[in-house]
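Worksheet: one structure, shown below.
Residue numbers start from 1 in every chain, and the chains themselves are labelled A, B, ... in the order their sequence lines are given, proteins ahead of strands.
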2 protein chains.
Amino acid sequence: MKVNTKTRYGIRTLMELARNDSGAGMHQKDIAVNQDISYKYLDHIIAQLKSSGLIVPVSGRKSGYRLTRKPEEIAVYDVFTAFNSTLALLDCLFDGELCEKHERCAAREFWDGLNSVIENYLKDRTIGDLIDRQSALESQQGGLAYQI
Amino acid sequence: MKVNTKTRYGIRTLMELARNDSGAGMHQKDIAVNQDISYKYLDHIIAQLKSSGLIVPVSGRKSGYRLTRKPEEIAVYDVFTAFNSTLALLDCLFDGELCEKHERCAAREFWDGLNSVIENYLKDRTIGDLIDRQSALESQQGGLAYQI
DNA sequence: TTTTATCCTACAAAACAGATAGGAAAAGTA
DNA sequence: TACTTTTCCTATCTGTTTTGTAGGATAAAA
């Protein structure tokens with residue numbers, strides 16, 4: 001049970017954009033360098049973030065990618081669902097048809113409960129929270145990093 | 001982010017043993033049939049449960065596999081760790097050496113927090129809870145099943 | 001002694017993760 | 001305009017993990 005790298009990189013990409021709130025957008029190249037993510041791999045991450053409506057490329061002066069919402073309005077849950085078709089620990093959680101015992105299965109209920117706990121955790125925390133915490137960490141110790 | 005089938009089957013195997021508390025042990029064949037798990041695949045599940053000390057094979061009259069502890073003393077967490085080397089959503093959570101930014105990484109803290117939430121959920125629920133709930137479900141609606 | 005059950009190791013198909021590669025299209029720049 | 005850079009799209013590759021199956025040795029039960 002691991003979180004995939006796309007989700008993790010996606011979060012870091014949004015954090016990068018959220019921090020760099022200088023008015024100008026940010027280019028893929030700079031995100032890749034700052035976050036130490038392969039430039040080409042980032043292609044996929046960005047495509048996904050874009051099609052999920054979390055970021056948008058702007059052109060003209062100050063071109064680059066930008067967040068479509070304020071960091072404090074982007075729940076980590078939104079990023080997660082952008083990279084994972086469903087947040088379902090088991091397929092049968094969201095698809096009752098898969099098992100005729102769906103309605104009277106204590107195990108399914110158990111996993112469903114865990115699923116909810118995870119979902120709530122992800123919904124309760126935003127990209128804004130993350131960059132705030134990152135700033136706090138950095139002012140404590142210096143250095144700049146929120147790499148995983 | 002899925003739970004693997006071995007963990008799920010492992011839980012169901014323990015539930016099966018916990019229910020069948022007739023004094024006699026239970027044979028692999030019967031577990032396989034009752035839980036609709038491939039007999040041969042169950043080999044691996046059982047081996048793992050055994051080496052984790054959760055079940056033990058007994059011989060003589062009333063032979064078969066038995067739980068080594070009471071159902072209410074087996075946390076689902078114990079089963080989970082039997083089938084997953086660590087409960088770590090990310091490798092860097094348990095291995096600070098993997099990333100020099102470990103101590104000042106808001107993202108890592110975030111995942112760490114989620115990890116704890118999951119861990120607590122798994123530790124707070126036992127096989128005993130699951131079979132109690134299953135009994136309740138079955139007495140409500142009849143039928144017997146806790147398959148995933 | 002025959003049958004059945006446990007135990008152990010090897011193998012294999014399929015799915016998935018984590019990337020890399022190439023180039024078309026669009027945008028920026030001189 | 002010409003050229004350079006950046007974005008965007010699709011295909012491919014490689015390794016690992018998952019989900020099993022297979023075969024047989026060993027031990028136990030009938």
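Taking only side-chain nitrogens and oxygens, Lys50(A) comes nearer than 4.0 Å to OP1 or OP2 of dC8(D). Checking the phosphate oxygens (OP1, OP2) of dT6(D), no side-chain nitrogen or oxygen of Tyr65(A) falls inside 4.0 Å.
Taking atom CD1 of Ile45(B) as the reference point, atom P of dC7(C) lies 15 Å away to the nearest angstrom. Atom OH of Tyr41(B) is separated from atom P of dT9(C) by 18 Å (rounded to the nearest Å). Taking atom CD1 of residue Ile55(A) and atom P of nucleotide dT6(D), one finds them 16 Å apart after rounding to whole Å. In this structure, the CZ atom of Arg12(B) is 13 Å from the P atom of dT19(D), given to the nearest Å. Rounded to a whole Å, the CE atom of Met1(B) is 14 Å from the P atom of dG18(C). The CD1-P distance, from Ile31(A) to dT6(D), rounds to 13 Å in whole Å. Between the CZ atom of Arg61(B) and the C1' atom of dA28(D) there is a distance of 15 Å, given to the nearest Å. Leu90(B) places its CG atom 14 Å from the C1' atom of dA17(C), with the value rounded to the nearest Å.
The nucleotide whose nearest atom lies closest to any side-chain atom of Tyr39(A) is, among dT7(D), dC7(C), dA29(D), dT7(D). For His27(B), whose side chain is taken as the heavy atoms from C-beta onward, the closest listed nucleotide among dA5(C), dA27(C), dC8(D) is dA5(C). Considering only the side chain of Asn4(B), dT18(D) comes nearest among dA5(C), dT18(D), dG20(D). Here the side chain of Thr5(A) is nearest to one of dA19(C), dT7(D), dT19(D), namely dA19(C).
Residue side chain Lys62(A) does not reach the base of dG28(C) through any donor-acceptor N/O pair under 3.5 Å, judged by distance alone. Checked by distance alone, Asp43(B) brings a side-chain donor or acceptor within 3.5 Å of a matching partner on the base of dC8(C). For dG18(C), the base has no donor-acceptor partner in the side chain of Lys40(A) [N/O atoms by modelled type, under 3.5 angstrom]. Side-chain atoms of His44(B) and base atoms of dT21(D) include a donor and an acceptor less than 3.5 Å apart.
The side chain to side chain contact (heavy atoms under 4.5 Å, CB included) with Ile118(B) is formed by just one residue from the set Leu114(B), Asn120(B), Asn115(B); it is Leu114(B).
Across all strands, Lys29(B) comes closer than 4.0 Å only to sugar-phosphate atoms, never to a base (heavy-atom distances). Nucleic acid contact class of Phe83(B) (heavy atoms, under 4.0 Å, all strands): none.
Proximity of the aromatic rings of Tyr121(A) and Phe80(A) is defined here by a centroid distance below 6.0 angstrom, and this criterion is not met.
Two residues are said to be in side-chain contact when any heavy atoms from C-beta on lie closer than 4.5 Å; Leu42(A) and Tyr9(A) fail this criterion.
In this structure, Gln134(B) contributes its side chain and Ala106(A) its backbone to a donor-acceptor pair below 3.5 Å.
Nearer to the 5' terminus of DNA chain D, by closest-nucleotide assignment, is the contact made by Asn84(B) (compared with the other of Asn84(B) and Ser38(B)). Looking at which nucleotide of DNA chain C each of Ile46(B) and Lys6(A) is closest to, the 5′-most match is held by Ile46(B).
Looking at Tyr65(A) and Thr13(A), their side chains never bring a donor and an acceptor atom within 3.5 Å of each other.
Judged by the 6.0 Å distance and 45° axis criteria, Lys123(B) is positioned over the aromatic ring of Tyr77(B).
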